[in-house]
Amino acid sequence: LSSFAFDSSMVGLFWTLATGATLELPPVARHDDVLVLDELIERRRITHLLALPSLYRVLMSEATDGQLRSLTTVIVAGEACSFDIVGRHRATVPSASLVNEYGPTEATVWSHAYVLDDDLDSDPVPIGTPIPGTSHVVLDETGRPVASGETGELLVAGAGISAGYLGRHDL
């Protein structure tokens, strides 16, 4: 649902095609019409959806009863996911997995994923744990690791980090 120039779109394209699935593209002139998107999900029995949390919220609010029932996996990424989306998801498509994914631009799409479970009952929605090949540490203003639960700056490391960021704190 985003531009092909957006890094996250590439993952969706390759994820779909590499698994032998069918990629559904909404009509260009109607790609931002949530009613058309809800109808497309129902008519084509879409099973996997990758969307901004804010878009997913609107898709759920505009869907008729059962219109999204074909969804088995929903991934939200690109902005913070709030707990109201989790609650609405549970009410709308309770059998579908909901995954909150996070990754700064320099991490080449995603660096963290959190599969939402029934234990989560309030904000903030976690960004999860590092994906394979990625690690992280949260640092204080002096560059030292903070204790679990403390605020700091997230430092992501691993094979997916774009070249040119090492030692470039301005980036």
* Asked: Does the side chain of Leu59 reach to within under 4.5 Å of the side chain of Leu49, using non-hydrogen atoms?
  -> yes
* Side chains of Arg44 and Thr22: donor-acceptor distance under 3.5 Å anywhere? -> no
* Could you state whether Val99 and Val156 fall into the same hydrophobic cluster, counting links through intermediate Ile, Leu, Val, Met, Phe, Trp or Tyr residues with side-chain heavy atoms under 4.5 angstrom apart? => no
* Asked: Say you draw a straight line from CD of Glu153 to CD of Glu141; how long is it, rounded to the nearest 0.5 Å?
  -> 10.5 Å
* **Test item: Val138 and Leu155 side chains (from C-beta on) under 4.5 Å apart, heavy atoms** => no
* Would you check if there is a donor-acceptor pair between the side chains of Ser54 and Glu79 at a distance under 3.5 Å? => yes
* Locate the shortest heavy-atom distance separating Trp110 from Ile131; write the atom from each residue and the value. => O-CD1, 3.3 Å
* Asked: Is there a donor-acceptor pair under 3.5 Å between the side chain of Thr134 and the backbone N or O of Pro130?
  -> no
* Would you name the heavy atoms of Val86 and Leu116 that are closest together and state the gap between them? => CG2-CD2, 3.8 Å
* Please test Leu154 against Leu139 for side chain to side chain contact (heavy atoms under 4.5 Å, CB included), starting from the C-alpha separation and ending with a verdict. => CA-CA 6 Å; Leu154 178 65; Leu139 305 174; over 6 Å; no
* Asked: Would you say Thr72's side chain and Thr47's backbone share a donor-acceptor pair under 3.5 angstrom?
  -> yes
* **In one Ile/Leu/Val/Met/Phe/Trp/Tyr side-chain cluster, 4.5 Å: Leu98, Ile127** => no
* Asked: Is Gln67 close to Glu39 at the side-chain level, that is, under 4.5 Å between some pair of heavy atoms?
  -> yes
* Asked: Quick one: side-chain hydrogen bond (donor to acceptor under 3.5 Å, both in side chains) partners of Ser122, sequence neighbours excluded?
  -> none
* Around atom CG of Asp117, are there more than 12 heavy atoms of other residues, nucleotides or ligands at under 6.0 Å? -> yes
* **Any donor-acceptor N/O pair, Asp38 side chain to Ala63 backbone, under 3.5 Å** => yes
* **Inter-residue atom distance Tyr114.OH - Cys81.SG, 0.5 Å rounding** => 11.0 Å
* Taking all non-hydrogen atoms of both residues into account, name the closest pair between His136 and His112 and its distance. => ND1-NE2, 2.7 Å
* Asked: When rounded to the nearest 0.5 angstrom, what distance separates CG in Leu25 from OG1 in Thr16?
  -> 9.5 Å
* Judged by atom type as modelled, is there a donor-acceptor pair below 3.5 Å linking the side chain of Thr92 to the main-chain atoms of His89? -> no
* **Test log, rule side chain to side chain contact (heavy atoms under 4.5 Å, CB included), inputs Ile41 and Ser70** => CA-CA 7 Å; Ile41 291 168; Ser70 63; 3.9 Å; yes
* **Sub-4.5 Å side-chain heavy-atom contact between Leu37 and Asp33** => no
* Please confirm whether the backbone N or O of Gly152 pairs with a side-chain atom of Asp140, one donor and one acceptor, at under 3.5 Å? => no
* Asked: Are Leu50 and Val36 linked, directly or through other ILVMFWY residues, by side chains that come within less than 4.5 angstrom of each other?
  -> no
* Ile46 CD1 to Thr73 OG1 distance, which is reported to the nearest 0.5 Å -> 12.5 Å
* Chi angles and distances behind the side chain to side chain contact (heavy atoms under 4.5 Å, CB included) call for Glu101, Ser111 -> CA-CA 8 Å; Glu101 290 188 334; Ser111 61; over 6 Å; no
* Any chance CZ of Arg43 has more than 12 other-residue heavy atoms, nucleotides or ligands included, within less than 6.0 Å? -> yes
* To do: Test side chain to side chain contact (heavy atoms under 4.5 Å, CB included) on Ile85 and Arg88 and set out the steps.
  => CA-CA 5 Å; Ile85 292 170; Arg88 189 169 295 192; 5.8 Å; no
* Asked: Going from CZ on Arg90 to OG on Ser95, what distance comes out if it is rounded to the nearest 0.5 angstrom?
  -> 14.0 Å
* Is it possible for you to say whether Met60 and Phe83 belong to one hydrophobic cluster, with membership spreading through side-chain heavy-atom contacts below 4.5 Å? => yes
* Asked: Any idea which heavy atoms bring Leu71 and Val74 closest together, and the distance?
  -> CD1-CG2, 3.9 Å
* Phe14 atom CZ, over 12 foreign heavy atoms within 6.0 Å -> no
* **Nearest heavy atoms of Leu52 and Ala77, plus distance in Å** => CD2-O, 3.3 Å
* **Over all atoms of both residues, closest heavy-atom pair of Val76 and Pro53** => CB-CG, 3.8 Å
